[in-house]
> 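Just dropping this structure here.
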Amino acid sequence: MSERAGVTTFAVGLFLALLGLSFLGGCSPSQLALQADAAAVVGGTLAAVDRGIVDARDADLEALVEAARAECPAEGCDDARGDEILAAYDARLGLWSPLRACVEPAVQAFQGWLDAIWLASVAASSELGWQHVVGEAARLGLTWRGMRACIERSAARLGHPLELPDLPAFVYPFLESAAP
Amino acid sequence: MSTAAATGATIALGILGALVQSAPEVIEIVTGQDRKTLAERIERARKAFDKPIDTTEADDERRERLIRIVRGG
């Protein structure tokens, strides 16, 4: 397994394992605290994935700027070449946009999960609160399939084939039945 | 190393670096060494990832820099 695939699998595995852990427990304060702790680590993993994409994007775009600096003299390139360089830069920038947008659904689902944990902590009925927490955690799990496909498709457009692991097939019916 | 491979390695290393940076807090969470209330724990989770990084300002600055390079001045 390449370094790239190994790191990605590690991050995704951590994310999914903690998401799975969140289904354990109930609505007592200590069990909700476990949920909140799992959410903190899942959130940190999502943030790390976002940071990694942003850093790679910065490095990729900076390389284009440095290439232009090496090519153009101090008074600048001629107009035609300058236009070409700017167009190439904008095209490359555009290729990164879909990759960053892939994370958005997970962010919304993650916030929904946190809201559910908070509501469960103040809910009059612990059973209803717990159902809501499980439902929102399931919704976050269901975003994985779309996010994975989106990241792989976008990475391929950047000329970087990337394979992310999927959840086991038997998990999806369970998530679909639990999601709101 | 090809450009594509370099991009892939940068993504991987970026994710790994960010995970390593958050490792002490993760260990603290997993081992339960902190004494936070439930509300504090929920707030910590919320702060862990409240929104994707906004790159607008950095993007604008980089493009202006590129324009100065290709147009001169």
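Values below: every heavy atom of this structure, side chains too, minus hydrogens, waters and symmetry copies. So that the names make sense, note that chain A is the first sequence line, chain B the second, and so on, each numbered from 1.
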> Of the listed residues (A:Leu86, A:Leu93, A:Ile117), which shares the most heavy-atom pairs with chain B below a 4.5 Å separation?
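Among the listed options, the one with the most contacts to chain B is A:Leu86.
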> Below 4.5 Å from any heavy atom of chain B, which atoms of A:Ala39 appear? Answer side chain, backbone, both or neither.
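Both parts, backbone and side chain.
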> Check this for me, if you would: do A:Arg100 and B:Asp54 make a salt bridge, where the nitrogen-to-carboxylate-oxygen distance has to be below 4.0 angstrom?
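Salt bridge absent between A:Arg100 and B:Asp54.
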> I need the residue from A:Val103, A:Ile85, A:Leu61 with the largest number of non-hydrogen atom pairs under 4.5 Å to chain B.
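Most heavy-atom pairs under 4.5 Å with chain B: A:Leu61.
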> Before giving the answer on side-chain contact (heavy atoms from CB on, under 4.5 Å), spell out for B:Asp59 and A:Arg57 the whole-Å C-alpha distance, their side-chain angles and the decisive distance to 0.1 Å.
CA-CA 10 Å; B:Asp59 287 347; A:Arg57 177 181 178 276; 2.6 Å; yes
> Checking heavy atoms, do the side chain of B:Arg71, its backbone, both or neither come under 4.5 Å from chain A?
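Both parts, backbone and side chain.
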> Out of B:Lys51, B:Arg63, B:Arg68, return the one with the most heavy atom pairs under 4.5 angstrom to chain A.
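That would be B:Arg63.
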> Need one label for A:Glu62: side chain, backbone, both or neither, based on atoms under 4.5 Å from any heavy atom in chain B.
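Both the backbone and the side chain of A:Glu62 come within 4.5 Å of chain B.
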> Kindly work out whether a path of hydrophobic side-chain contacts (I/L/V/M/F/W/Y, heavy atoms less than 4.5 Å apart) joins A:Val54 to A:Leu99.
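In one cluster with A:Val54: A:Leu99, no.
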> Let me confirm one number: the CG-CG distance from A:Asp37 to A:Leu32, rounded to the nearest 0.5 Å.
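Here the interatomic distance stands at 11.0 Å.
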> So, the side chain of B:Glu40 versus the backbone of B:Thr37: is there a donor-acceptor pair under 3.5 Å, distance only?
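Confirmed, B:Glu40 side chain pairs with B:Thr37 backbone.
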> Between A:Asp83 and chain B, with a heavy-atom cut-off of 4.5 Å, which part of the residue counts as in contact: side chain, backbone, both or neither?
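Its backbone and side chain both get close to chain B.
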> Counting C-beta onward and ignoring hydrogens, is there a side-chain heavy-atom pair between A:Trp144 and A:Leu175 closer than 4.5 Å?
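A side-chain contact under 4.5 Å is absent here.
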